[in-house]
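Here the structure is laid out as structure tokens; the discussion comes afterwards.
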2 protein chains.
Amino acid sequence: MNRSPLSESVEMYLKALVELSDREMVAIGRLADRLGVTAVSANEMVKRLGEQGLVKHTPYKGVALTKKGRDAACNILRRQRLWECFLYDHLKIEWTQLYEYACSLEHATAPEVTEALAAFLGNPQTCPRGNPIPAADGSFAPLNGIPLGELDTGRAATILAVNATATEVIKHLYDRNLLPGHKVTVLEAAPLQGPLTLRVDGKDVALGLALAEYIIVSR
Amino acid sequence: MNRSPLSESVEMYLKALVELSDREMVAIGRLADRLGVTAVSANEMVKRLGEQGLVKHTPYKGVALTKKGRDAACNILRRQRLWECFLYDHLKIEWTQLYEYACSLEHATAPEVTEALAAFLGNPQTCPRGNPIPAADGSFAPLNGIPLGELDTGRAATILAVNATATEVIKHLYDRNLLPGHKVTVLEAAPLQGPLTLRVDGKDVALGLALAEYIIVSR
DNA sequence: AATTATCATAAGGTCAACCTTATTATCTTT
DNA sequence: AAAGATAATAAGGTTGACCTTATGATAATT
Ligand SMILES: [Mn+2]
Ligand SMILES: [Mn+2]
Ligand SMILES: [Mn+2]
Ligand SMILES: [Mn+2]
């Protein structure tokens, strides 16, 4: 069962891995980028995670969570998203700050507290940023959506979730009404990886492709 | 203003110092004991705290918090005790677990979250373990009580607060009804630092002097 | 005044997570 | 097949927060 507590760093790596697992294998470079760490550091950590059986690294192919690692990661997501609910619904914290504050609390939350919090909140299924909350057993229906960058030009869709993590980026998206529940249409995709032009709430918005990746819309 | 975030270790040292400040100067040995650390380690940390202006160390006399250090410490106490209120009143966490869980959360709580939590709770003045909650500005009316060990034999008093930190110790006291609001009488103090014999809720209880130090009673 | 206990300091280690700078290996693309 | 991009590994460092063992310095007690 191995009830050893994972360090904050380890937890953040696991969370990043589950968030980046659109495809099974995650390139270490992508992982390093997301965590704001050098590729060498990410390699070192992945080695440690492998020794703990949380991850399987296939050189030159990528990193994948093991069952154990995925379970741990889902539990971290659960904690994070439950805290987001509490912070938003009860403490009236600004939407743009939710990720940052919940990302601290998630590492300081014992299992008993997690479950009591879930009960207090009425076992919510979704967090204010649009993501599903994994159940206590780790089970978890992923969002059935696609990144905004993959939406066909001319198509309208509804934003399901916003997955940016840097508060600065979150604020940028918030200021442009790129929020769960809002409708977006891709008016134009500029060539050469250029920005998208979107229609959101009656306004035109230019958005770089990197940012568009964070926005999950209905298909 | 120096808004650098303090590490968890630093915060725990500051909290220990404010909790041990019955007399102005805290002996490094006492500090080390309370934190479960060697005296050498405590010395090293005190040196670092001194460099950050949080503490003044007078060799062979003891450590004292500076204004800056005391303000920081009171803010940590505020966070901890607010979390205890939330965990107890809203999440229905067992009384004996409050310290442990709040002691994790306290380090992961941004100022904005602290104040929103205080508002959510209705700005409570006292935590479930009986201690006053410092105000947002750090001001703080200390309990007007004495440790149970200093209560005269034969005298009855009311428990104001229980300040033990080890969950094991807290459970021991809880099982004997040594809780805020309960009445205690010291029936006998055995010689040679022997245990106290107490009368609590109609039962006789033997309690070592070390444990009695954690219980603050009315004078 | 001498003994003993506590405290301070010196010296050297460990461990997790980071870092830089090279070098080498593999994959992908031309 | 060669080039270029990405990934892995090697080597050496840093920092905070711990540790042990040993040696001086001061305070308290007899
Ligand atoms: Mn986090
Ligand atoms: Mn703590
Ligand atoms: Mn050293
Ligand atoms: Mn090395």
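Chain letters run A, B, ... following the sequence lines, proteins first and then strands; every chain starts at 1. All heavy atoms count here, side chains included; hydrogens, waters and symmetry mates do not. Remember, predicted model here, so these are calculated numbers, not experimental data.
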Ignoring backbone atoms, test whether [X] places a side-chain nitrogen or oxygen under 4.0 Å from the OP1 or OP2 oxygen of [N].
X     : N      : value
B/T38 : D/dC18 : no
B/Y13 : D/dC18 : yes
B/S9  : D/dC18 : yes
B/R48 : D/dA17 : yes
A/S7  : C/dA17 : yes

Note to self: Using a heavy-atom cut-off of 4.0 Å across all strands, would you classify A/S41 as base, sugar-phosphate, or nothing?
What the structure shows: base
| task | Tell me what B/A27 touches on the nucleic acid: a base, only sugar-phosphate, or nothing, going by heavy atoms under 4.0 Å. | result | sugar-phosphate
Over how many whole Å does the gap from [X] atom [atom1] to [N] atom [atom2] extend?
X     : N      : atom1 : atom2 : result
B/M25 : C/dA8  : CE    : P     : 11 Å
A/N43 : C/dT21 : CG    : C1'   : 15 Å
B/E44 : D/dT21 : CD    : C1'   : 13 Å
A/E51 : C/dC15 : CD    : P     : 13 Å
B/D33 : C/dT6  : CG    : P     : 10 Å
B/L54 : D/dG16 : CG    : P     : 14 Å
B/L31 : C/dA8  : CG    : C1'   : 15 Å
B/Q52 : D/dG16 : CD    : C1'   : 11 Å

Nearest to side-chain heavy atoms of [X], which nucleotide of [options]:
X     : options                : value
A/V37 : C/dC19, C/dA17, C/dA8  : C/dC19
B/H57 : C/dA8, D/dA8, C/dC19   : C/dA8
A/V40 : D/dA27, D/dT21, C/dT21 : C/dT21
B/Y60 : C/dA16, D/dT26, D/dA7  : D/dT26

Side-chain ion pair, A/K67 and A/D71, N-O less than 4.0 Å: yes
Inset, instruction - Salt-bridge test for A/E115 and A/R78: reply yes if a basic N is under 4.0 Å from a carboxylate O, no otherwise. - result: yes
d(B/I76 CD1, B/E19 CD) to nearest 0.5 Å is 10.0 Å
Between the CD atom in B/E84 and the CG atom in B/L77, the distance rounded to the nearest 0.5 Å is 9.5 Å
Taking for A/A42 and for B/I28 the nucleotide of DNA chain C with the nearest heavy atom, the one nearer the 5' end belongs to B/I28
Per nearest nucleotide of DNA chain C, the residue lying toward the 5' end, B/K61 or A/A39, is B/K61
Margin query: Check the orientation of B/F120 and B/H90. Use parallel for under 30°, tilted for 30 to 60°, and perpendicular for over 60°.
Written below: tilted
Given the options A/R81, A/R79, A/K15, A/E106 meets side-chain hydrogen bond (donor to acceptor under 3.5 Å, both in side chains) only with A/K15
